[in-house]
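Here the structure comes first, spelled out in structure tokens, and everything after it is commentary.
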Amino acid sequence: MIKEKKIKPSKELPLGFVDRQEKELLIRDFIISKIKEVMIKYGFQYLETPSFEYSDSIGKFLPDKERPDQGVFSFKDENKWLSLRYDLTAPLARYVAKNYLEIPKPFKRYQLGTVWRNEKPGPGRFREFLQFDADYVGTKNLQADAELCVMISEILEKCGLSQSDYVIKISSRKITESLFKKINLEDDNQKLTILRALDKIDRLGWVAVKQLLGEGRKDKSGDFTKGAKLSSDSIEILEKELKKKTPSSEDLNEILKIFKNYNFQNFEFDPSIVRGLEYYTGVIFEVNLKFDVKNIKGQSIQFGSIGGGGRYDNLVKNFGDYDAPATGISIGLDRLVYALIQKKEFKIKKSKPIVICVFNKESMKEYISLQKILRDASISTEIYPGENKLKKQMEYANKIKSPAVILYGDDEIKSGKPTLRDLTTGKEKSIEIKELVNEIKKII
RNA sequence: GCAGCAGUAGCUCAGUUGGUUAGAGCACUAGUUUGUGGAACUAGGGGUCGGUGGUUCGAAUCCACCCUGCUGUACCA
């Protein structure tokens, strides 16, 4: 410990930002490897775009265009506003608009990247997180939308989830639009309020949602949320229509047929899902986990979906002359990892290094030659990084969960037979150098 | 943003109606063993008791404001 008490820099992290440790990262890497495997099979191209974009290229859909810092992290560079991307879809639209003439049509791309949101963090929700996106740009064919659902389902199962662990909910923006017509609703703000209310059926139930559609609702903490102020007649019509369990729009009927062709069944029609409010134009889907997720304190929490997507036919058009209908899906990888860690035990092989103990510096040449033999055999190995006494070295090996240490002191060097100590059993063996690799492979 | 609850050592927490120098367990460091880890024993380091201001002879304890965290809610392109 440092004793001086000067002005110390803070060890705390900014709100919503976290250090991620090896255990989590290895599981994340595992998931990424599964994703890549599946993406290649489905014929998607890999793309990377920068973390920053000009605010107006990704800010077309900001609620408040005058303030680019609303929800995003931005700064002014020279005279232009830059923002950290808040998703991978807006940059894709920008990329397609920029490279329209060169790229294949339709354009299928997948992307893994960090995104940043200036919002309140929650359990498993941060202000910086890794997202995975797959999109089809330049086709109206609903086969694309269907295939995204099938594909995401394959990824989840490759990650170890079974059909009962998750469900893909589907709906269409067209259904809500027709509902608004039915109750003669024109006001866009009111429409938004209704969509937001409907989005909460899962979480709050119909009783609360009806309050939100009407005058408003007071929640557990005593906070009051203003409602959409619909008449009770209109609310009743909405409820009746939304409780129908069969889709009433053409696009959904079409997609159901395609699912049949794929023999895909793990979906559920749910007209209450909403997703991005102004962004989507047609089919929308949401990936929901069905198992219980807990926070650090072991309390069950409201986890919500780990991702979703849908059809956004107008996004590319906003950039200029090209009109490219598109559909895509995104998954929050950190959230998926957070949930997955609780669901199942991951046995991810990560070989910890064999530690070669240091007796004296003069023998370093011998230690290094042993180390080279092991490393050449692809065995993770290190010479103890320091000059402590043996006890410390053993404690270190134990702490990093090393499977074994090699003792190669003067006696061993003289006889040419290092001692191998298995740290799980505590047993020691004197071994010929040429047998060392084989013996170690038995242990690890 | 709004609301409820919380903040004492690296972690988990105790701290009586306000009363000397603020405690425990785990972790850490050193030793018992200068060539042997996971156990035990001994010793040790580490806290402006979230911050600031106030009440008081005296505050971790009471009051005000602020900060941070958790949970709910709102927003979430």
Side-chain angles (χ1 to χ4, degrees), chain A residues 1-3 5 8 10-16 53 55 57-65 68 70-72 83 85-91 93 115-123 125 127 129 192-193 195-197 199-200 203-204 208 212 216-227 274-280 294-302 304-305 308-310 312 314-315 318 330 332 355 357-360 384 388-412 418-428:
Chain A
M1 294 282 153
I2 301 161
K3 272 204 173 162
K5 276 183 188 168
K8 286 185 278 187
S10 172
K11 317 172 264 205
E12 303 311 316
L13 290 168
L15 177 65
E53 298 270 354
S55 301
S57 345
I58 58 169
K60 293 255 190 237
F61 314 99
L62 290 173
D64 183 351
K65 290 171 195 154
Q70 187 69 32
V72 298
S83 295
R85 63 183 176 211
Y86 54 79
D87 71 4
L88 300 176
T89 313
V115 301
W116 294 264
R117 292 190 187 180
N118 195 353
E119 294 168 355
K120 189 203 149 183
R125 270 188 103 115
R127 302 219 279 187
F129 55 97
L192 284 180
T193 313
L195 289 177
R196 285 183 193 122
D199 197 23
K200 298 177 178 78
R203 211 150 35 98
L204 307 175
L212 285 170
R217 169 180 180 263
K218 203 176 188 181
D219 69 51
K220 258 194 279 178
S221 62
D223 195 24
F224 186 79
T225 312
K226 267 201 258 171
V274 173
R275 306 297 306 166
L277 298 173
E278 292 166 280
Y279 187 103
Y280 292 114
K294 294 185 165 64
N295 68 5
I296 304 166
K297 291 180 180 170
Q299 307 160 310
S300 288
I301 49 167
Q302 199 61 63
S305 73
Y312 52 98
N314 299 326
L315 212 49
N318 282 320
S330 30
V355 174
C357 292
V358 174
F359 290 85
N360 57 65
Y384 177 77
N388 279 310
K389 44 175 114 169
L390 238 208
K391 183 183 163 89
K392 290 286 141 211
Q393 304 192 32
M394 299 293 290
E395 279 169 1
Y396 168 79
N398 191 48
K399 182 91 181 174
I400 64 165
K401 298 197 168 71
S402 166
V405 296
I406 290 173
L407 303 169
Y408 203 35
D410 292 345
D411 297 345
E412 283 96 343
T419 301
L420 180 68
R421 181 183 176 92
D422 183 328
L423 287 180
T424 6
T425 63
K427 283 185 183 146
E428 279 181 12

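As the structure is a prediction and not an experimental result, all values here were calculated from the model. Values reported hereafter were calculated over all heavy atoms of this structure, with side chains retained and with hydrogens, waters and symmetry mates removed. So that the names make sense, note that chain A is the first sequence line, chain B the second, and so on, each numbered from 1.
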#### Entry: Secondary-structure notation, RNA chain B, from Watson-Crick and G-U pairs under 3.5 angstrom (| other strand)
(((((((..((((.....[...)))).(((((.......))))).....(((((..]....))))))))))))....
For [N] and [M], measure between their [atom1] atoms and round to the nearest Å.
N	M	atom1	value
A9(B)	U52(B)	P	16 Å
U8(B)	U61(B)	P	13 Å
A6(B)	G23(B)	P	26 Å
G58(B)	C41(B)	P	45 Å
U20(B)	A59(B)	P	12 Å
G25(B)	U17(B)	C1'	28 Å
G50(B)	G7(B)	P	8 Å

Distance below 4.0 Å between [X] side-chain N/O and [N] OP1 or OP2:
X	N	answer
K392(A)	A30(B)	yes
K200(A)	U73(B)	no
R196(A)	C76(B)	yes

## Note on the structure
Given protein heavy atoms under 4.0 Å, the one-letter contact record of nucleotides 33-43 of chain B, with B base, S sugar-phosphate only and - none, is simply --BBBB-----
